[in-house]
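This report concerns only the one structure given below.
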Amino acid sequence: MYRLLKKEGAARRGEFATVHGTVQTPGFMNVATAGAIKGAVSAYDLKELGCQVQLCNTYHLHLRPGDETVRALGGVRRFTGWEGPVLTDSGGFQVFSLAKLRSIREEGVTFASHIDGRKIFMGPEESMRIQSNLGSTIAMAFDECVENPAPYEYAKASCARTVRWLERCKTEMARLNSLEDTLNPRQMLFGINQGCTYRDLRVEHMKRIAAMDLDGYGIGGLAVGEPAEEMYAIIEAIEPHMPEDKIRYLMGVGTPVNILEAVSRGVDLFDCVMPTRNARHGHAFTSEGVRNLLNAKYTLDESPLDSRCGCPVCQKFSRAYLHHLFKAGEMLAMRLTVMHNLYFYNHLLADIRQALDEGRFAEFYQEKIQVLGKRI
RNA sequence: GGGGGAGUUCCCGAGUGGCCAAAGGGGGCAGACUGUAAAUCUGUUGUCGACGACUUCAGUGGUUCGAAUCCACUCUCCCCCA
């Protein structure tokens, strides 16, 4: 249940209450696709890094270890050791990212498993059942994340099908939640807005799903290759049609600048693989911009990654050490940089919340927008 | 002392007359990454006044229109026998 605490322009400060804890928004969810934060960061570390919500993936956990297995082990929260809220993505993104391995029809999507090629059928009902077995706090509707660019007619048809799928998700979720032995009988369902870069499709779709009284609303199919300005424009176009009393989640986004821009346009929740993936590839996000720790200039640099960062890594280790760890291929390089980046993201959102609390988001935005995207 | 083998661009290593500034790795330098098929992928890596020129394949000299590739000698290293 979302509670709007304060507004500054379109930016919202709120709280999202769930059975597994209350999420302060705007907030960032930490991505643990296959039940683990890539880079050897555990649920135990996540607490220290300021994580509020862990995100796991339906498709990936269904394939391995299997949702029945996870259920038998008490659900994703118990299984991964993360006690707070968990959001499970539906598998809709895999319709996009594994495009070469799947075919879509009205009933759902058939994937050729990326692990062993075996056929996996996933429709709205299957996705809901898997997510129910995973026992997540929030289930995402099964959608099609459409590639960009996509022809108008395709986008339109896909949107219509995503609506039909959402209706089926809602029905199935209600059924599953009413079962005696369901893991989380209060599992929530978020719908997902689609429509590619077509304003009219986006708005129409948003109106359609807004009327369905869901627990929250995702904005999907963005940051898939379109320019950032286009993404911002789409958010602005659909924002007036999103229920004010429901949480809004911009899926898969993004850079610190993207997040700031989206918050200023009324988005509450984010997730992105960037802090973890880029960390594994040597890129660190800092209060001054982005650093590539593999660069030769860090060989003798004794300063911390970010002098204004309170993370455990910045208290102890130098850029020179991290540079060496990356050069040497030590896994510690990844672990430390992932920890830093997640801390950075989680605390960027905490700073945004504080600025909103204190009614100075506009200044905060102005100050940060200049600096966060820079490569240093 | 006798016999055999080898020396290639930062490293390893292919190449044994022109298509070779020289394959492929590694290393170096840089870039990308947005609901994770990603500890991945891409570019670049002799010099310069740079759609061309110049200097490189242990050294020196030679054969040839033309040599990293053939010949002679020299140097260095490795292996085997004494």
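Remember, it's a predicted structure, so these values are computed and weren't measured experimentally. So you know, we letter chains A, B, ... as the sequences are listed, proteins then strands, and number each from 1.
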Next on the checklist: Can you check the distance between B/C80 and B/C54, where both ends of the measurement are the C1' atom (answer in whole Å)?
Outcome noted: 45 Å
Item to check | Sugar-phosphate, base or nothing in reach of A/L101, heavy atoms under 4.0 Å | outcome: base
Checklist outcome for this item: Any strand, both distances under 3.5 Å, Watson-Crick or G-U wobble: B/G52 pairs with B/C48
Item to check | For B/G35, the Watson-Crick or wobble partner whose two distances fall under 3.5 Å | outcome: none
Item to check | B/G43 pairs with, by Watson-Crick or G-U criteria that keep both distances under 3.5 Å | outcome: B/C29
Checklist entry - What is the base-pairing partner of B/C65, counting Watson-Crick and G-U wobble geometry with both distances under 3.5 Å? => result B/G18
Checklist entry - Rounded to whole angstroms, how far apart are NE2 on A/H114 and P on B/U40? => result 16 Å
Next on the checklist: Both A/M331 and A/K38 contact RNA chain B. Which one's nearest nucleotide lies toward the 5' end?
Outcome noted: A/K38
Next on the checklist: For the C1' atoms, the ones on B/G24 and on B/C81, what distance do you get once it is rounded to whole angstrom?
Outcome noted: 38 Å
Checklist entry - Distance only, no hydrogens: is a donor on one side chain within 3.5 Å (strictly under) of an acceptor on the other, for A/T88 and A/Q131? => result yes
Checklist entry - Using atom C1' of each nucleotide, how far apart are B/C51 and B/G13 to the nearest Å? => result 32 Å
Item to check | A/R280 CZ to B/A38 C1', straight-line distance once rounded to whole Å | outcome: 6 Å
Item to check | Inter- and intrachain pairs under salt bridge (Lys or Arg N to Asp or Glu O under 4.0 Å), touching residues 109-123 of chain A, at least two apart | outcome: A/D116-A/R118
Checklist entry - Are A/K170 and A/D215 within salt-bridge range, i.e. N to O under 4.0 Å? => result no
Item to check | Salt bridge flag under 4.0 Å for residues A/E144 and A/R161 | outcome: yes
Checklist entry - In whole angstrom, what separates A/N30's CG from B/U36's P? => result 13 Å
Item to check | Nearest-Å distance once atom C1' is located in both B/U42 and B/U55 | outcome: 31 Å
Next on the checklist: Under a 3.5 Å cutoff, is there a donor and acceptor pairing between the side chains of A/Q52 and A/N346?
Outcome noted: no
Item to check | Pairwise C1' distance, B/A68 and B/G7 [rounded to whole Å] | outcome: 12 Å
Next on the checklist: Roughly how many Å apart are B/A21 and B/C70, using the C1' atom of each and rounding to a whole number?
Outcome noted: 22 Å
Checklist outcome for this item: From NE2 of A/H324 across to C1' of B/G28 the rounded distance in Å is 16 Å
Checklist entry - Is it true that A/R13 and A/E8 have a side-chain N and a carboxylate O under 4.0 angstrom from each other? => result no
Next on the checklist: Distance check, P atoms only: B/G59 and B/U9, in whole angstrom units.
Outcome noted: 10 Å
Checklist entry - Less than 4.0 Å between a side-chain N and a carboxylate O, is that true for A/E83 and A/K47? => result no
Checklist outcome for this item: When rounded to whole Å, the CZ to P distance for the pair A/F326 and B/U40 reads 12 Å
Checklist entry - Can you give one letter per nucleotide of nucleotides 30-35 of chain B, 5' to 3': B if a protein heavy atom sits under 4.0 Å from the base, S if only from the sugar-phosphate, - if neither? => result SSBBBB
Checklist entry - Does a side-chain N-to-carboxylate-O contact under 4.0 Å join A/K246 and A/D213? => result yes
Checklist entry - Between B/G28 atom P and A/Y298 atom OH, what is the distance in whole Å? => result 17 Å
Next on the checklist: Taking B/U16 as the reference, what is the distance to B/A58 when you measure between their P atoms (whole Å, please)?
Outcome noted: 15 Å
